[in-house]
*Asks:* 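Sharing a structure with you now.
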Amino acid sequence: MESWKRRGFGPAVLVKELHERDRRRMLKHFLALEKSDRLLRFGTQLPDELVESYVNKIDFSRDVVYGVYNRVFKLIAVGHLAFAPKEKSPAKHAATTKERVAEFGVSVLRSTRGMGVGTKMFERAAIHCRNNDVDTMYMHCLSSNQTMMHIAKKAGMEIQRDYGEADAYLKLLPPNPASVLQEAVEEQFAMLDYTFKANTRAAVKWLDRLPGRKQD
Ligand SMILES: CC(C)(COP(=O)(O)OP(=O)(O)OC[C@H]1O[C@@H](n2cnc3c(N)ncnc32)[C@H](O)[C@@H]1OP(=O)(O)O)[C@@H](O)C(=O)NCCC(=O)NCCS
């Protein structure tokens with residue numbers, strides 16, 4: 001992980017944990033994905049109702065969902081790190097001696113791809129697993145998904161391909177003080193950024209509602 005390419009230019013990618021209040025924006029993000037991207041993200045062409053049901057069923061007390069908000073408080077990326085007891089996933093059982101396994105799925109809007117957002121989300125999920133006694137992070141995707149295969153290989157994931165699909169496993173190191181601090185600092189910065197953008201957005205909306213103000 002440490003050897004991954006560091007992107008020295010452009011705005012920092014601030015990955016924030018999402019909560020109940022972000023659910024509506026998460027749905028908007030998924031519904032805005034192009035058809036082919038929805039297929040890559042979910043492995044099947046999910047209709048809108050099932051996407052909505054997936055979002056409604058996300059259990060924030062068990063899983064962690066990450067997001068990246070852009071300048072105008074639009075959710076441009078969502079990553080879902082789902083945890084399950086290893087007994088529930090016999091195929092992944094063998095890969096770990098820990099109690100739980102984690103599976104990560106991510107999507108980034110087309111307009112903001114190629115800027116390191118997907119990689120940063122992936123790194124953030126991996127460090128969270130590491131700090132929470134999970135030593136194997138798993139990803140399932142179509143093997144035709146060149147971009148995700150590239151990110152997986154770059155991270156050193158072991159990839160097993162079968163009938164057009166691919167399972168990738170990342171073995172993680174145990175936590176250390178640096179990994180714990182890194183996760184806490186990243187969340188703190190992302191939280192400040194989120195609060196600033198949310199307040200700015202609220203202020204702009206409020207100003208737009210003032211009498212005599214021209215509406216676009
Ligand atoms: C996969 C996805 C999340 C990547 O997001 P992103 O923000 O563009 O990712 P990054 O910018 O961090 O990295 C993209 C990397 O893939 C590389 N890449 C882009 N297109 C590629 C292609 N066709 N073949 C190989 N590599 C490719 C880029 O060069 C970059 O590599 P680098 O970091 O070594 O320079 C995004 O494309 C997406 O949302 N796809 C649809 C949903 C999906 O496939 N989800 C994954 C399944 S869970």
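Ligands are counted one by one from 1 in listed order, and the atoms in each one are counted from 1 as well. Counting begins at 1 with the first residue of the sequence.
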*Asks:* Which heavy atom in Val15 sits nearest to a heavy atom in Glu187, and how many Å separate them?
*Replies:*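 That closest heavy-atom pairing would be O-OE1, 3.9 Å.
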
*Asks:* Distance under 4.0 Å to a non-hydrogen atom of Gly114: what atoms of ligand 1 satisfy this?
*Replies:*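 So the atoms of ligand 1 that pass are 6 (P), 7 (O), 8 (O), 11 (O).
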
*Asks:* So for ligand 1, is Lys120 a polar contact partner (N or O within less than 3.5 Å, distance only)?
*Replies:*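 N/O-N/O distance below 3.5 Å does not exist for this pair.
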
*Asks:* Out of Arg113, Met149, Arg41, who is nearest to atom 36 (C) of ligand 1 when you count heavy atoms only?
*Replies:*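 Answer by nearest heavy atom: Arg113.
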
*Asks:* For residues Thr136 and Lys171, is any side-chain donor paired with an opposing acceptor at under 3.5 Å?
*Replies:*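 There is such a pair (donor and acceptor under 3.5 Å, judged by atom type) between the side chains of Thr136 and Lys171.
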
*Asks:* Parallel, tilted or perpendicular: which one describes the rings of His80 and Tyr54, with boundaries at 30° and 60°?
*Replies:*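 It falls in the tilted class, 30° to 60°.
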
*Asks:* Polar contacts were defined as any N/O atom of the residue lying under 3.5 Å from an N/O atom of the ligand; does this apply to Gly105 and ligand 1?
*Replies:*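 No, Gly105 has no N/O under 3.5 Å of an N/O on ligand 1.
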
*Asks:* Set out, in order, the CA-CA distance, both residues' side-chain angles and the distance that settles side-chain hydrogen bond (donor to acceptor under 3.5 Å, both in side chains) for Tyr194 and Asn199, then state yes or no.
*Replies:* CA-CA 8 Å; Tyr194 176 94; Asn199 288 342; over 6 Å; no

*Asks:* Test side chain to side chain contact (heavy atoms under 4.5 Å, CB included) on Glu52 and Asp48 and set out the steps.
*Replies:* CA-CA 6 Å; Glu52 188 169 358; Asp48 290 359; over 6 Å; no

*Asks:* Under a 4.0 angstrom heavy-atom cut-off, which atoms of ligand 1 come close to Met115?
*Replies:*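 What qualifies from ligand 1 is 11 (O).
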
*Asks:* Any nitrogen or oxygen of His140, side chain or backbone, less than 3.5 Å from one on ligand 1?
*Replies:*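 No, His140 has no N/O under 3.5 Å of an N/O on ligand 1.
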
*Asks:* For Phe104, is at least one N or O under 3.5 Å away from an N or O on ligand 1?
*Replies:*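 Such a contact does not occur with ligand 1.
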
*Asks:* What atoms of ligand 1 come within less than 4.0 Å of a heavy atom belonging to Met148?
*Replies:*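 Going through ligand 1 atom by atom, the ones under 4.0 Å from Met148 are 1 (C), 46 (C).
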
*Asks:* Does an N or O from Ile151, backbone or side chain, lie closer than 3.5 Å to an N or O of ligand 1?
*Replies:*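 No.
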
*Asks:* Between Thr119 and ligand 1, which part of the residue brings a heavy atom under 4.0 Å of the ligand: side chain, backbone, both or neither?
*Replies:*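 It is both backbone and side chain that touch ligand 1.
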
*Asks:* Pairing donors with acceptors under 3.5 angstrom, does anything connect the side chains of Asp167 and Tyr138?
*Replies:*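 Asp167 vs Tyr138: donor-acceptor pair found between side chains.
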
*Asks:* Between Gly118 and ligand 1, does any nitrogen or oxygen pair lie at a separation below 3.5 Å?
*Replies:*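 Yes; the residue has a nitrogen or oxygen that sits under 3.5 Å from a nitrogen or oxygen of the ligand.
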
*Asks:* For the pair Lys57 and Asp63, find out whether any cationic side-chain nitrogen is under 4.0 Å from an anionic carboxylate oxygen.
*Replies:*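 No salt bridge links Lys57 with Asp63.
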
*Asks:* Only heavy atoms of Lys154, strictly under 4.0 Å: list the atoms of ligand 1 that pass.
*Replies:*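 Taking each heavy atom of Lys154 in turn, ligand 1 has 32 (P), 33 (O), 34 (O) under 4.0 Å.
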
*Asks:* Assess the residue pair Glu103 and His140 against the criterion (side-chain hydrogen bond (donor to acceptor under 3.5 Å, both in side chains)); give the C-alpha distance rounded to whole Å, side-chain angles, the decisive distance to 0.1 Å, and a yes or no.
*Replies:* CA-CA 8 Å; Glu103 179 170 354; His140 183 83; 5.7 Å; no

*Asks:* Examine the proximity of ligand 1 to Met139 and report which part, side chain or backbone, both or neither, has a heavy atom under 4.0 Å away.
*Replies:*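 None of Met139 does.
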
*Asks:* Treating Ile, Leu, Val, Met, Phe, Trp and Tyr as nodes and any side-chain heavy-atom pair under 4.5 angstrom as an edge, say whether Val51 and Leu33 lie in one connected cluster.
*Replies:*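 Yes, one cluster joins them.
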
*Asks:* With no hydrogens and no angle check, do the side chains of Glu183 and Asn131 hold a donor and an acceptor under 3.5 Å apart?
*Replies:*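 Side chains of Glu183 and Asn131: pair found under 3.5 Å.
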
*Asks:* With a cut-off of 4.0 Å, which atoms of ligand 1 are near a heavy atom of Val117?
*Replies:*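 Going through ligand 1 atom by atom, the ones under 4.0 Å from Val117 are 7 (O), 12 (O).
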
*Asks:* Examine the proximity of ligand 1 to Gln146 and report which part, side chain or backbone, both or neither, has a heavy atom under 4.0 Å away.
*Replies:*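 Both parts.
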
*Asks:* For Gly116, counting its heavy atoms only, list the atoms of ligand 1 lying under 4.0 Å from any of them.
*Replies:*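 Within the 4.0 Å cut-off of Gly116, ligand 1 contributes 10 (P), 11 (O), 12 (O).
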
*Asks:* Going by distance only, is there an N or O of Val108 that falls short of 3.5 Å from an N or O of ligand 1?
*Replies:*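 Between Val108 and ligand 1, an N or O pair is found under 3.5 Å apart.
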
*Asks:* Under a 4.0 Å N-O cut-off, is there an ion pair linking Glu99 with Lys86?
*Replies:*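 So Glu99 does not pair with Lys86 through a salt bridge.
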
*Asks:* Based purely on interatomic distance, does Ser107 place a nitrogen or oxygen under 3.5 Å from a nitrogen or oxygen of ligand 1?
*Replies:*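 In fact, backbone or side chain, Ser107 has no N or O that close.
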
*Asks:* Is the closest N or O pair between Asn145 and ligand 1 shorter than 3.5 Å?
*Replies:*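 It does: an N or O of Asn145 is found under 3.5 Å from an N or O of ligand 1.
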
*Asks:* Between His128 and Phe83, how do the two ring planes meet: parallel, tilted or perpendicular, split at 30° and 60°?
*Replies:*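 Tilted: the ring planes of His128 and Phe83 meet at 30° to 60°.
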
